[in-house]
Amino acid sequence: MLEVHVKTFGDTAFGIVYEGKAVFASNFGVNSEDVLRSFQRMFPIEAPLRVAAEPSAFAQKAVIVMRDIYEGKSTDETVLLALGRFPAYTQRVLKAVSRIPVGYVASYGGIADAVGGGARAVGNVMATNCFAPLVPCHRVVSSSLGLGGYGGGLRVKYEFLRREKQGFTEPNQIPIEGGVLRVFPVEFVLRKLEKKHDATTPI
DNA sequence: TGCAAACCATAAC
DNA sequence: GTTATGGTTTGCA
């Protein structure tokens, strides 16, 4: 049976749906009710969810990792994701996005070049991503260095990227299974946004 | 800039 | 099978 663990750090709640040592879904929100509601939408009635009375060590670690990602820290901890229920292509996209390092972003089309398919198909996977922010879909932007979209709202995406600045100045290439993924510094996106809008309220 | 047409995997019928 | 649906992209006015 799937279990749920939600924990609030500061003013943000982080939650996972898990079984054993694999995460079936993750999300964050303004409070635990918010996160639980999102899980109920992802897992319709047939899969009953049970809030863990005593979250396993794995569950507690996973939530910590999520908080670290949220805060923009570059963690090398990895959390096992249960991807088996998704189509093969979806799995490839999710894995590729997971490889984008903190401080860099990739475009929808760039991901498509690396794993096959097209940019819109990649966008579809992002739109239905069940693993925010463990799969850092906030690091996927439009080819014109615009923000693209984000389930939680563009403001949230922008704040993510701002916290992830690392001072990189040059594009880079990340080797992934079956190809290379072209990435570029998150500063490229932030600069463009700040130029376009008022520097204080870019969104 | 703005708009239209091409693009591509999925889910729903 | 077919159709509808996007967190896209590119080209062209």
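Computed from a predicted model, the values in this text were never measured in an experiment.
Of the residues in residues 93-111 of chain A, those placing a heavy atom less than 4.0 Å from an atom of DNA chain C are Ser107(A), Tyr108(A), Gly109(A), in numerical order. Applying a 4.0 Å cut-off to non-hydrogen atoms, none of the residues of residues 127-142 of chain A approaches DNA chain B.
No donor-acceptor pair closer than 3.5 Å links the side chain of Lys165(A) to the backbone N or O of Gly72(A). Between the side chain of Lys157(A) and the main chain of Gly148(A), no donor-acceptor pair closer than 3.5 Å is present.
Nearest heavy-atom pair across Glu3(A) and Ala52(A) is OE2-CB, 3.8 Å. Closest approach of His138(A) and Glu164(A) over heavy atoms only: NE2-OE2, 2.9 Å.
For the salt bridge (charged side-chain N to carboxylate O under 4.0 Å, His left out) test, no residue two or more places apart in sequence or in another chain qualifies with Glu170(A). Residues that satisfy the side-chain contact (heavy atoms from CB on, under 4.5 Å) test with Ala22(A), not counting sequence neighbours, are Leu80(A), Ala82(A). Every side-chain contact (heavy atoms from CB on, under 4.5 Å) that Pro87(A) has, sequence neighbours left out, goes to Thr90(A). Checked against salt bridge (charged side-chain N to carboxylate O under 4.0 Å, His left out), Lys21(A) has no partners two or more places apart in sequence or in another chain.
Taking 4.0 Å as the cutoff to heavy atoms of chain A, we find the contact window on DNA chain C bounded by dG6(C) to dT10(C).
The distance from atom OG of Ser26(A) to atom OH of Tyr18(A), rounded to the nearest 0.5 Å, is 14.0 Å. To the nearest 0.5 Å, atoms NZ (Lys61(A)) and CD (Glu77(A)) are separated by 4.5 Å.
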All N/O donor-acceptor pairs, side-chain side in residues 105-116 of chain A, below 3.5 Å, sequence neighbours left out:
{"from": "Ser107(A)", "atom 1": "OG", "to": "Gly110(A)", "atom 2": "N", "distance (Å)": "2.8"}
{"from": "Tyr108(A)", "atom 1": "OH", "to": "Gly149(A)", "atom 2": "N", "distance (Å)": "3.3"}

Please set out all donor-acceptor pairs under 3.5 angstrom arising from side-chain atoms of residues 181-190 of chain A, sequence neighbours excluded.
{"from": "Arg182(A)", "atom 1": "NH1", "to": "Gln173(A)", "atom 2": "OE1", "distance (Å)": "3.4"}
{"from": "Glu187(A)", "atom 1": "OE2", "to": "Gln166(A)", "atom 2": "N", "distance (Å)": "3.4"}
{"from": "Glu187(A)", "atom 1": "OE2", "to": "Gly167(A)", "atom 2": "N", "distance (Å)": "2.8"}

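Helical stems involving DNA chain B, defined as 3 or more consecutive Watson-Crick or G-U pairs under 3.5 Å, span B:1-6 with C:8-13, B:8-13 with C:1-6.
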Taking only N/O atoms, report every protein-nucleotides 2-9 of chain B pair under 3.5 Å with atom names and distance.
{"from": "dA6(B)", "atom 1": "N6", "to": "Arg120(A)", "atom 2": "NH1", "distance (Å)": "3.4"}

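Side-chain atoms of Ser38(A) and Asn27(A) include a donor-acceptor pair closer than 3.5 Å.
For the pair Glu159(A) and Arg155(A), the salt-bridge criterion is met [side-chain N within less than 4.0 Å of a carboxylate O].
Listed by first and then second residue, the ring pair (Phe, Tyr, Trp, His ring centres under 6.0 Å) pairs involving residues 20-40 of chain A are Phe28(A)-Tyr70(A), Phe28(A)-Phe160(A) (not counting sequence neighbours).
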